Amino acid sequence: MSIANKLIEIKKSIPEKVTLVAVSKTKSNEDVLEAYNAGQRIFGENKVQEMTQKWEDLPKDIEWHMIGHLQRNKVKYMVPYVSLVHGVDSFRLLKEINKQGAKHLRIIPCLLQMHIAEEDTKFGLDKKELYEIINSDEFQSMENIKIQGLMGMATFTDNEDQVRKEFIALKSIFEELKISLPDIDTLSMGMSGDYNIAIKEGSTMVRIGSSIFGSRNHS
Ligand SMILES: *Cc1c(COP(=O)(O)O)cnc(C)c1O
């Protein structure tokens, strides 16, 4: 099946209110354009340099989402154009995004990444760290970031019960966080292998790469 057809099939299979981020990391401009021509406008990348190159090369009405682990020294390159930063996993990183946002006179939409998987290899905050950030005076005074919600990645496993449990845990943190941050509306969870479970458990945004573009040689 072509990229366009796979994209259309996936769009049909997810509710309209769930936002699809087409994860185009490692894929060519031609592949992105094929999805673009089939109507897709939101793309996710996990490396700042690759995303910036694609932003320069491709149509300007594409919304670029940074979904990967971010180094603070790379933040400045994407702040002029990035639409949503999914992987904010430390206060230091959030402070850097705020600082660069101020320089560029932008308010940068961010998701805080929670650690929900069993694996230590995945990044993210625990609940204590989450509330340390949002209850701090410095957070209250940050004017150039906007927390739009949470993001998380489940354990890479065939055990659907475990994946479901992790998504349920993230959804519950999200609902609790709404008491402190009533404006949050985005729960980014679900990838090619687990987006159906994620949507059932309350995801509002799925990040799908290989099911649209085919497998990657590296990530
Ligand atoms: C690569 C990546 C995805 C997409 O993964 P697929 O399994 O190809 O759908 C989603 N989220 C993050 C954070 C990723 O790095």
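Computed from a predicted structure; not experimentally measured. Read the numbers this way: they start at 1 and go in the same order the structure lists the ligands and their atoms.
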At a 4.0 Å threshold, what atoms of ligand 1 neighbour a non-hydrogen atom of Arg207? 4 (C), 9 (O), 10 (C), 11 (N), 12 (C), 13 (C)

So between Thr26, Ile208, Ile67, whose heavy atom ends up nearest atom 12 (C) of ligand 1? Ile67

Residue pairs meeting ring pair (Phe, Tyr, Trp, His ring centres under 6.0 Å), one or both in residues 29-48, sequence neighbours left out, come to Phe43-Trp64

Would you say the side-chain atoms of Gln162 and Lys165 include a donor-acceptor pair closer than 3.5 Å? no

Scan residues 77-92 for pairs that pass side-chain hydrogen bond (donor to acceptor under 3.5 Å, both in side chains), counting only residues two or more places apart or in two chains. Thr52-Tyr81, His65-His86, His69-Asp89, His86-Ser188

Mind checking whether Arg216 has a heavy atom under 4.0 Å from ligand 1? yes

Ligand 1 to Met153, heavy atom cutoff 4.0 Å, flagged ligand atoms 13 (C)

Would Lys95 pass as a cation-pi partner of Phe91, given that its NZ or CZ must be under 6.0 Å from the six-membered ring centre and within 45 degrees of the axis? yes

Cationic N near anionic O, under 4.0 Å, Lys6 to Glu9: no

As an exercise, identify every atom of ligand 1 less than 4.0 angstrom from a heavy atom of Gly209. 4 (C), 6 (P), 8 (O), 9 (O)

